[in-house]
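Note that the numbering runs from 1 along the sequence shown for the chain. The figures here come from the full heavy-atom set of this structure, side chains too, leaving out hydrogens, waters and symmetry mates. In listed order, ligands and their atoms are each counted from 1.
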Amino acid sequence: MFMFHNDLLKDKVIVITGGGTGLGRAIGERYLQLGAKLAIASRRIEVLQEAAQEMTKDGGEVFYKSCDVRDPSEVVKLFDAIFAHYGKIDVLVNNAAGNFISPTERLSSRAVDSILNIVLHGTFYCTLELGKRWIQENQSGTMLNIVTTYAASGAGSGYVVPSAAAKAGVLSLTRSLAVEWAKYGIRQVAIAPGMFPTEGAWSRLVPSADIGDRLLQRVPLQRTGNKSELANLAAFLVSDEAAYINGEVVTIDGGEWLQGAGEFNELIDLSAEDWDHLSAIMRQK
Ligand code: HXC
Ligand code: NAP
């Protein structure tokens with residue numbers, strides 16, 4: 001059924017922030033299928049509870065706890081609870097995020113804080129709290145950070161500027177700790193997704209069909225991503241099969257960022273007749 005053997009992640013305890021919805025949930029479902037034990041955390045306990053019930057209908061174990069990653073004391077309580085429940089953690093997926101489109105000049109300082117605090121501070125708090133515990137206990141582990149294609153490209157993006165700045169910071173965290181914490185057996189990896197339709201993202205980033213069409217035109221493969229494609233990548237990267245990958249970000253965007261990067265890629269719309277015509281003009285000179 002999968003590209004992996006079914007016990008790829010057997011008995012690994014994996015924490016996923018924002019694991020009750022969207023991409024976090026899809027990643028968690030794949031991890032469960034591959035033998036992992038999960039802990040999911042986000043603000044809305046009822047969402048986590050329902051997700052945990054549905055995710056375990058075919059077996060497996062999903063521990064859940066409410067946690068606002070913007071609050072360091074809640075992050076401490078989260079890891080206390082997971083260690084109390086499972087006795088160990090092998091992998092952390094920093095997936096929780098906030099985002100919405102807006103002209104930057106319309107943002108209040110509170111709006112900026114809300115995104116930076118979830119994405120950059122929240123990721124940092126979770127990373128720091130677990131990293132300290134792993135180092136203290138002499139335990140190895142892997143951290144997977146979900147960023148975005150506009151962070152991995154280094155280009156950032158207008159209209160989602162707090163997210164662009166925060167995700168760039170998360171990528172820097174990934175690469176910095178890949179070096180600093182490697183001696184403790186702690187590995188850092190990141191995934192940079194392009195467009196993957198989820199309720200959470202699309203309600204805030206693609207509020208009209210027109211915007212959706214315009215965004216899709218940027219993707220050379222001419223489609224959005226499937227959650228299972230991302231989940232497979234997330235499974236490989238945290239598995240022991242990827243043990244020598246450290247500090248790397250893998251982009252999964254159908255070629256989207258490259259489309260914007262090469263200036264002549266704009267010629268993609270020209271027909272064969274257009275090319276015949278242009279070719280004739282150029283050869284005359
Ligand atoms: C302008 C906005 C706004 C909007 C909120 N604010 N939405 N400003 N345009 N659309 C302002 C509010 O007015 C307020 O400022 C401040 O932001 C905080 O808003 P709250 O609603 O109080 O915040 P909070 O309840 O903490 O919610 C955080 C949130 C929300 C980020 C605003 O959207 C959320 O909970 N998001 C979580 C899930 C999510 O965003 N998922 C998508 C991830 S997708 P004032 O000054 O009025 O008090 C992603 C993918 C990127 O990252 C790439 C895709 C291709
Ligand atoms: P999503 O379903 O909205 O996921 C965001 C999750 O973060 C939710 O489960 C939310 O749960 C949680 N969260 C938000 N604020 C939190 C907080 N303060 N504390 C704890 N948890 C919090 O959107 P998604 O599309 O699956 O996004 C998942 C990840 O993929 C994000 O990192 C996003 O940036 C990234 N990404 C997505 C796309 C895409 O196209 N979908 C593209 C690039 C990158 P609660 O509301 O219950 O807290």
Side-chain angles (χ1 to χ4, degrees), residues 15-29 40-52 64-72 74-75 78 93-123 125-126 144-153 156-157 159-168 170-171 190-207 211-212 214-216 218-219 223-227 229-231 233-234 249-254 256-257:
V15 182
I16 307 177
T17 63
T21 67
L23 302 185
R25 176 162 169 179
I27 292 169
E29 285 172 352
I40 58 174
S42 75
R43 295 165 300 178
R44 293 170 297 163
I45 190 76
E46 67 286 356
V47 170
L48 296 172
Q49 185 178 23
E50 192 181 333
Y64 61 91
K65 182 167 171 56
S66 169
C67 173
D68 186 333
V69 295
R70 292 173 289 193
D71 181 341
E74 287 196 24
V75 169
L78 171 68
V93 182
N94 282 307
N95 166 80
N99 203 355
F100 52 77
I101 50 169
S102 173
T104 307
E105 66 275 17
R106 291 192 185 193
L107 296 174
S108 67
S109 58
R110 284 167 50 89
V112 172
D113 285 350
S114 80
I115 305 301
L116 284 168
N117 286 344
I118 302 169
V119 176
L120 182 54
H121 290 236
T123 299
Y125 296 153
C126 291
L144 167 61
N145 296 328
I146 309 299
V147 293
T148 62
T149 185
Y150 51 69
S153 69
S157 176
Y159 305 99
V160 285
V161 172
S163 167
K167 293 283 192 183
V170 171
L171 190 51
I191 293 177
M195 285 196 283
F196 287 77
T198 63
E199 210 275 324
W202 255 232
S203 62
R204 296 171 175 93
L205 299 162
V206 191
I211 292 180
R214 283 208 247 169
L215 290 174
L216 198 55
R218 293 174 40 80
V219 185
R223 68 171 175 88
T224 54
N226 296 322
K227 287 186 204 138
E229 293 167 329
L230 188 128
L233 177 59
V249 55
V250 181
T251 298
I252 176 166
D253 72 347
E256 181 189 344
W257 84 267

Side chain to side chain contact (heavy atoms under 4.5 Å, CB included) with N117: which residues, sequence neighbours excluded?
R70, D113, H121
Distance flag for atom 51 (C) of ligand 1, protein heavy atom under 4.0 Å
yes
Relative to the heavy atoms of A97, which atoms of ligand 1 are at a distance of less than 4.0 Å?
37 (C), 38 (C), 39 (C), 40 (O), 41 (N)
Closest to atom 44 (S) of ligand 1 among protein heavy atoms sits A201 CB, 3.6 Å
Nearest neighbour in protein (non-hydrogen) for atom 11 (C) of ligand 1:
A111 CB, 3.6 Å
Which one holds for Y150 and ligand 1: side chain close, backbone close, both close, or neither close, with close meaning a heavy atom under 4.0 Å?
side chain
List the closest protein heavy-atom neighbour of atom 46 (O) of ligand 1: residue, atom name, distance to the nearest 0.1 Å.
S108 OG, 2.6 Å
Please check this pair: side chain of T224 against backbone of F196, looking for a donor-acceptor N/O pair closer than 3.5 Å.
no
Atom 33 (O) of ligand 1: nearest protein contact (heavy atom, Å)
R204 NE, 2.7 Å
With heavy atoms and a 4.0 Å threshold, my read on which part of N99 contacts ligand 1 is both
Identify, chain by chain and in numerical order, each protein residue with a heavy atom under 4.0 Å from an atom of ligand 2.
G18, T21, G22, L23, S42, R43, R44, C67, D68, V69, R70, N95, A96, A97, I118, I146, V147, T148, K167, P193, G194, M195, F196, T198, G200, A201, W202
Look at atom 3 (C) of ligand 1 and say whether a protein heavy atom is found at less than 4.0 angstrom from it.
yes
Using a 4.0 Å heavy-atom cut-off, say whether L205 meets ligand 1 through its side chain, its backbone, both or neither.
side chain
State plainly whether the residues E199 and R25 are in salt-bridge range, i.e. N to O under 4.0 Å.
no
Nearest to atom 25 (O) of ligand 1, what protein heavy atom do you find, and at what distance?
R43 NH1, 4.4 Å
For R70, atoms of ligand 1 separated by under 4.0 Å from a heavy atom
26 (O)
Residue and atom name of the nearest protein heavy atom (relative to atom 6 (N) of ligand 1), distance in Å to one decimal
F100 CZ, 3.6 Å
Who are the salt bridge (charged side-chain N to carboxylate O under 4.0 Å, His left out) partners of R214, not counting sequence neighbours?
D210
Numbered atoms and elements of ligand 1 in range of R110, under 4.0 angstrom, heavy atoms:
15 (O), 16 (C), 45 (P), 46 (O), 48 (O)
Who's the nearest protein heavy-atom neighbour of atom 29 (C) of ligand 1, and how far?
S114 OG, 4.4 Å
Taking salt bridge (charged side-chain N to carboxylate O under 4.0 Å, His left out) as the test, write out the residues that go with E74, two or more places apart.
none
Exam field: side chain S66 to backbone R44, donor-acceptor pair closer than 3.5 Å:
no
Atoms in ligand 1 flagged as close to I115, the criterion being non-hydrogen separation under 4.0 Å
31 (C)
Any side-chain heavy-atom pair of V119 and K167 under 4.5 Å:
yes
